[in-house]
Amino acid sequence: MSLSLQSPLSSALSSKSSFLQKGGGGGGGRLRLLSGSLSSNAIFFKLHNPSFPQIRASSLDAGASTELDAVSSLSEIVPDTVVFDDFQKFPPTAATVSSSLLLGICSLPDTIFRSAVDTALADSGCSSLENDVLRLSCFANKALVNVGGDLSKLVPGRVSTEVDARLAYDTHGIIRKVHDLLKSYSEIDVPPERLLFKIPATWQGIEASRLLESEGIQTHLTFVYSFVQAAAAAQAGASVIQIFVGRLRDWSRNHSGDPEIEAALKRGEDPGLALVTKAYNYIHKYGYKSKLMAAAVRNKQDLFSLLGVDYIIAPLKVMQSLKESTTTPDEKYSFVRRLSPHSAAAYSFSEEELIKWDQLSLASAMGPASVELLAAGLDGYVNQSKRVEELFAKIWPPPNV
């Protein structure tokens, strides 16, 4: 992550005009507990706007002084979950807003984002809805947008907004939701080019991504656990494709019967790392615009094995270790670019892998790992959305608004 915030954090937090001009967000408290259960959502991650910066040479920069400097010259290294106290250590250049983030904000009422939530709960348009389900959903959407708007004033890059996972199998429902979110963002003067929309990589989600991207709306497909999902997402033109390395590894340790995973293990490869490599090579060999994000990276060796991929989401403990580890210009052995357009050009794919993916072929090609992990991810997101709405039902209307 070679870029830093455009202005120091201290000035961003001390001046409401630099950060909280719209959408509320008063209060001087800090959000300190955004870790653990929230890590799957990569609460703050670095997505440069609008394109991925040029990657430098395949070894350590001569001027690099830490391992973090070295690896950041090859891939964008993204903090997995950043508590607000760590902004100065790992300043985010972009962000994501999700149901889990809303739960974190509501658990600590003195945070700088709490008034963004309170303002959403006071929205007259939502309050006038007589249907309880629609009213609570409206409040949740407004809260996501208000917090996203505040974040857009803190970071120079893009803000990714989670799309309700209960719509994961409804293409037109996803599109309507994204249009509604875009309209709400436009009302607080956040332009479309500053936004991504985070959509589960079901077939219906991939199709929604294709249609939205054709409108110029940027999408971020998540819960990708198989090559066919990644290939279909690339064919759809998704701006960002997110693969969870560690979750595939965990599945392989406790299950069997997935052909893609067993083929990787037979070759002596980690299944998560192998999937990222194959997806990267497919995207770059065939000229798709998608950027690839490797998530659920567990340690430095995982990170070193993925150098060259567009984005790597790393745990804070790995980020800290990289930052604290000094290195010299001749220590090139750990900092070799593993993935590159040049190596992608030499990668071979079978005829079966190069088809135009549709709903039937995708469903038949997804193995048990991707089916089970996708379902588990959706269950988690749905549960978080329901918890937000249940919480809002208890605290609406908010006091002193």
Side-chain angles (χ1 to χ4, degrees), residues 1-13 30 32-36 38-39 42-48 52-95 154-157 243-246 249 270 272-273 276-277 280 291-343:
M1 308 204 192
S2 54
L3 297 183
S4 61
L5 290 174
Q6 292 175 326
S7 59
L9 176 68
S10 57
S11 62
L13 294 183
R30 294 182 178 181
R32 300 173 182 273
L33 300 176
L34 295 181
S35 58
L38 305 185
S39 62
I43 288 181
F44 290 102
F45 60 91
K46 209 169 188 183
L47 297 176
H48 290 298
F52 182 62
Q54 182 178 0
I55 297 178
R56 297 191 287 275
S58 61
S59 60
L60 178 62
D61 276 355
S65 59
T66 70
E67 288 185 344
L68 183 57
D69 294 326
V71 299
S72 295
S73 71
L74 304 174
S75 294
E76 291 293 320
I77 311 301
V78 179
D80 186 2
T81 302
V82 177
V83 296
F84 285 61
D85 288 339
D86 285 332
F87 271 11
Q88 291 182 341
K89 288 183 179 179
F90 306 110
T93 60
L154 175 62
V155 300
I243 294 175
F244 294 85
V245 174
R249 178 184 305 149
D270 176 89
L273 300 175
V276 172
T277 299
Y280 176 94
K291 303 303 181 185
L292 194 61
M293 174 181 286
V297 170
R298 301 285 170 75
N299 51 58
K300 289 204 293 188
Q301 188 55 54
D302 282 350
L303 191 148
F304 293 154
S305 299
L306 293 168
L307 289 179
V309 73
D310 301 305
Y311 312 108
I312 302 174
I313 299 180
L316 286 183
K317 64 179 181 180
V318 173
M319 296 281 291
Q320 190 64 39
S321 177
L322 291 169
K323 188 171 184 178
E324 293 175 350
S325 300
T326 58
T327 187
T328 57
D330 61 345
E331 291 180 315
K332 300 180 180 180
Y333 57 90
S334 293
F335 308 107
V336 176
R337 183 170 183 172
R338 307 290 181 178
L339 303 175
S340 70
H342 178 75
S343 63

Participant: Look up atom CG in Leu273 and atom CG in Leu303, then write down how far apart they are to the nearest 0.5 Å.
Facilitator: 10.5 Å
Participant: What pair of heavy atoms forms the shortest contact from Tyr280 to Arg337, and how long is it?
Facilitator: OH-NH2, 3.3 Å
Participant: What's the spacing between Gln320 CD and Ser325 OG if we round to 0.5 Å?
Facilitator: 9.5 Å
Participant: Rounded to the nearest 0.5 Å, what separates atom OG in Ser72 from atom CE in Met319?
Facilitator: 7.0 Å
Participant: Evaluate the side chain to side chain contact (heavy atoms under 4.5 Å, CB included) criterion for residues Val297 and Val318: first the C-alpha distance (whole Å), next the side-chain angles of each, then the deciding distance (0.1 Å), finally the verdict.
Facilitator: CA-CA 9 Å; Val297 170; Val318 173; 5.8 Å; no
Participant: Do the charged groups of Glu76 and Lys291 touch, with an N to O distance under 4.0 Å?
Facilitator: no
Participant: I need the Tyr311 OH to Leu306 CG distance, nearest 0.5 Å.
Facilitator: 15.5 Å
Participant: To the nearest 0.5 Å, what is the distance between NZ on Lys317 and CZ on Arg298?
Facilitator: 9.0 Å
Participant: For Leu292, run the side-chain contact (heavy atoms from CB on, under 4.5 Å) check against Leu339, Ile312, Val309, Thr277 and tell me which one passes.
Facilitator: Val309
Participant: Between Ser75 and Gly308, what is the shortest heavy-atom contact and its length?
Facilitator: OG-N, 2.7 Å
Participant: Rounded to the nearest 0.5 Å, what separates atom CG in Leu68 from atom OG in Ser73?
Facilitator: 10.0 Å
Participant: Considering all heavy atoms of both residues, which atom of Arg338 and which atom of Phe304 are nearest to each other, and what is their separation?
Facilitator: CG-O, 3.3 Å
Participant: Check for a donor-acceptor pair, side chain of Thr66 on one end and backbone N or O of Thr326 on the other, with a separation under 3.5 Å.
Facilitator: no
Participant: Taking salt bridge (Lys or Arg N to Asp or Glu O under 4.0 Å) as the test, write out the residues that go with Arg249, two or more places apart.
Facilitator: Asp270, Asp302
Participant: Tell me, do Val336 and Leu307 make a side-chain contact under 4.5 Å, heavy atoms counted?
Facilitator: no
